[in-house]
Amino acid sequence: MKVRDFPGLEAYLDAEVAKVQAALHRASERLERLGPSTPGGSEAATPALGVDVLAALRHGLLSGGKRLRPILCATAYVTCGGRSTDAAYDLAVSLEMIHAYSLMHDDLPCMDDAELRRGRPTTHRVHGEESTMTAGAVLIPVAALTALRAARALGCGEDRARRVASQLMQAAGAGGMVGGQWLDLQGEGAALEPEELDRLHQRKTGALLAASLLMGATAAGASDDVHDAMASYGRAVGLAFQITDDILDATASSQALGKNPSDTELDKSTYVALYGLEAARTHADALVDRALDALQEADVDSPPLEALARYVVERGS
């Protein structure tokens, strides 16, 4: 499928990031008011989370980033007939909560022991390991509750709202991101075959990206064929995203990445090591074509989704 010109992508991204940031601040304010439940169901005056944990939460959740997952979710929702409202972005940021928790934990000394993330010291470097571990763990149930409440606010009805929240948790759990992280740790020092590397990253990176499209489509009440097209688009774009990450890790500076490249140091298998730089780029481009073909086959007309697929492989170039 030929990608149509979408000259407003930069402005589109800026506007979407602003809406996502506003939703993240709303979520952060709710977290700061979080307290133990009382018999009457009201919130207690004393926060249940300590000051250190709340500071780590804010650091991990509000420290910038491309916000690609919530943007994809909101774009899919509107593409499938939903309206761009605050509730749509409240749903979208449930994905960013899971993403933030994964980065906070991934950067810990027991994992990648990273010093930088998005050009800033990592959360555990600023707020300590214990607060970071707790804050990351807190974000998991909060993300599920956020998705459920937002889906209800969008008028999904109880069954569909639960389905949306379940899609998020399935993508985050052992069958998705967490399982991929475990495979990633198991694969350090091993030369993985192409199928093994694909399986790892379809879980670690691809599952949450695919869930972004699925949740948006489900919340909007998309037909089965459109829902399936969004799933196919999400899986292909998720893998293309990871291949591009491997390319950037091999070619970009720490300053450009906002973090220290770590794949070589941790002796991980990468698409660049497996295929070489140019072949890896070709593979990523082919996955984008596959994503766009899925939209075309289902008659999904969305210049923003087309442009976002191409953005995934062109970022940093």
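Aromatic ring pairs are classed by plane angle as parallel below 30°, tilted from 30° to 60° and perpendicular above 60°; the pair Tyr271 and His201 is tilted.
Side-chain N or O atoms of Thr134 include one that pairs as donor or acceptor with a backbone N or O of Glu130 at under 3.5 Å. For the pair Arg162 (side chain) and Leu148 (backbone), a donor-acceptor distance under 3.5 Å is absent. Side chain of Thr122 to backbone of Ala114: a donor-acceptor contact under 3.5 angstrom is found. In this structure, the side chain of Thr205 does not engage the main chain of Gln242 through any donor-acceptor pair within 3.5 Å. Not one N or O on the side chain of His127 forms a donor-acceptor pair closer than 3.5 Å with the backbone of Val53.
Contact check for His99 versus Leu208: side-chain heavy atoms found under the 4.5 Å cut-off. Side-chain contact between Met97 and Leu61: present, with at least one pair of heavy atoms (C-beta onward) separated by less than 4.5 Å. Residues Leu305 and Leu213 form a side-chain contact, since some pair of their non-hydrogen atoms from C-beta on lies under 4.5 Å apart. At least one side-chain heavy atom of Ser94 sits under 4.5 Å from a side-chain heavy atom of Met215. Side-chain contact between His124 and Met104 is absent, with no heavy atoms from C-beta onward closer than 4.5 Å. The side-chain heavy atoms of Leu274 and Leu192, taken from C-beta on, include no pair separated by under 4.5 Å. Residues Ser102 and Gln181 meet the side-chain proximity criterion, which asks for heavy atoms closer than 4.5 Å. Contact check for Leu108 versus His105: side-chain heavy atoms found under the 4.5 Å cut-off.
Of all heavy-atom pairs spanning Met177 and Ala207, the tightest one is N-CB, 4.3 Å. Nearest approach of Ala219 to Leu91, heavy atoms of both residues: CB-CD2, 3.8 Å. Met230 and Ala217 get closest at one heavy-atom pair: CG-CB, 4.0 Å. The two residues Ala56 and Ala135 make their nearest non-hydrogen contact at CB-CB, 3.9 Å. Between Val20 and Val93, the shortest heavy-atom distance links the atoms O-CG1, 3.7 Å. Looking at every heavy atom in both residues, Ala280 comes nearest to Tyr275 through N-CB, 4.1 Å.
Distance check, rounded to the nearest 0.5 Å: OG of Ser63 to CG of Leu103 gives 8.0 Å. Rounded to the nearest 0.5 Å, atoms CG (Leu295) and OG (Ser232) are 9.0 Å apart.
Between Arg125 and Glu115 there is a salt bridge, since at least one side-chain N of the basic residue sits less than 4.0 Å from a carboxylate O of the acidic one. The residues Glu96 and Arg67 are annotated as salt-bridged, a charged nitrogen and a carboxylate oxygen being separated by less than 4.0 angstrom. Salt bridge absent: Arg290 and Asp285 never bring a charged side-chain N and a carboxylate O closer than 4.0 Å.
Hydrophobic clustering (ILVMFWY, side-chain heavy atoms < 4.5 Å, transitive): Val288 and Leu277 are in distinct clusters. Linking Ile, Leu, Val, Met, Phe, Trp and Tyr whenever their side-chain heavy atoms come within less than 4.5 Å leaves Val126 and Leu54 in two separate clusters.
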Working note: Arg149 + Asp90, criterion salt bridge (charged side-chain N to carboxylate O under 4.0 Å, His left out); need CA distance, chi angles, decisive distance, verdict. CA-CA 9 Å; Arg149 287 176 171 171; Asp90 291 337; over 6 Å; no
Walk me through it: do Ser84 and Tyr77 pass the test side chain to side chain contact (heavy atoms under 4.5 Å, CB included)? CA-CA 8 Å; Ser84 181; Tyr77 179 70; over 6 Å; no
Begin from the C-alpha positions of Arg199 and Glu195 and carry the test salt bridge (charged side-chain N to carboxylate O under 4.0 Å, His left out) through to its verdict. CA-CA 6 Å; Arg199 185 165 60 250; Glu195 297 80 7; over 6 Å; no
Could you walk me through whether Arg310 and Asp289 satisfy the side chain to side chain contact (heavy atoms under 4.5 Å, CB included) test, starting with their C-alpha distance in whole Å, then the side-chain angles of each, then the deciding distance to 0.1 Å, before giving a yes or no? CA-CA 9 Å; Arg310 184 57 58 191; Asp289 290 340; 3.6 Å; yes
Thr146 and Leu168: side chain to side chain contact (heavy atoms under 4.5 Å, CB included), yes or no, with the steps? CA-CA 11 Å; Thr146 297; Leu168 176 64; over 6 Å; no
Test Ile98 against Leu139 for side chain to side chain contact (heavy atoms under 4.5 Å, CB included), laying out the working first. CA-CA 7 Å; Ile98 294 295; Leu139 282 172; over 6 Å; no
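Counting heavy-atom neighbours within 6.0 Å of Arg58 CZ, excluding the residue itself, gives a total above 12. Residue Gln186 qualifies as enclosed at atom CD: its count of foreign heavy atoms under 6.0 Å is above 12. Within a 6.0 Å sphere centred on CZ of Arg281, other residues, nucleotides and ligands contribute more than 12 heavy atoms. Sparse packing is recorded around CG of Asp224, with 12 or fewer heavy atoms of other residues, nucleotides or ligands lying under 6.0 Å away.
None of Asp246, Asp245, Ile247 except one satisfies the side chain to side chain contact (heavy atoms under 4.5 Å, CB included) rule with Ile243; the exception is Ile247.
Note that Arg315 lies in the cation-pi zone of Phe241, set by a 6.0 Å cut-off to the ring centre and a 45° limit from the axis.
Donor-acceptor pairing under 3.5 Å is recorded for the side chains of Thr218 and Gln167.
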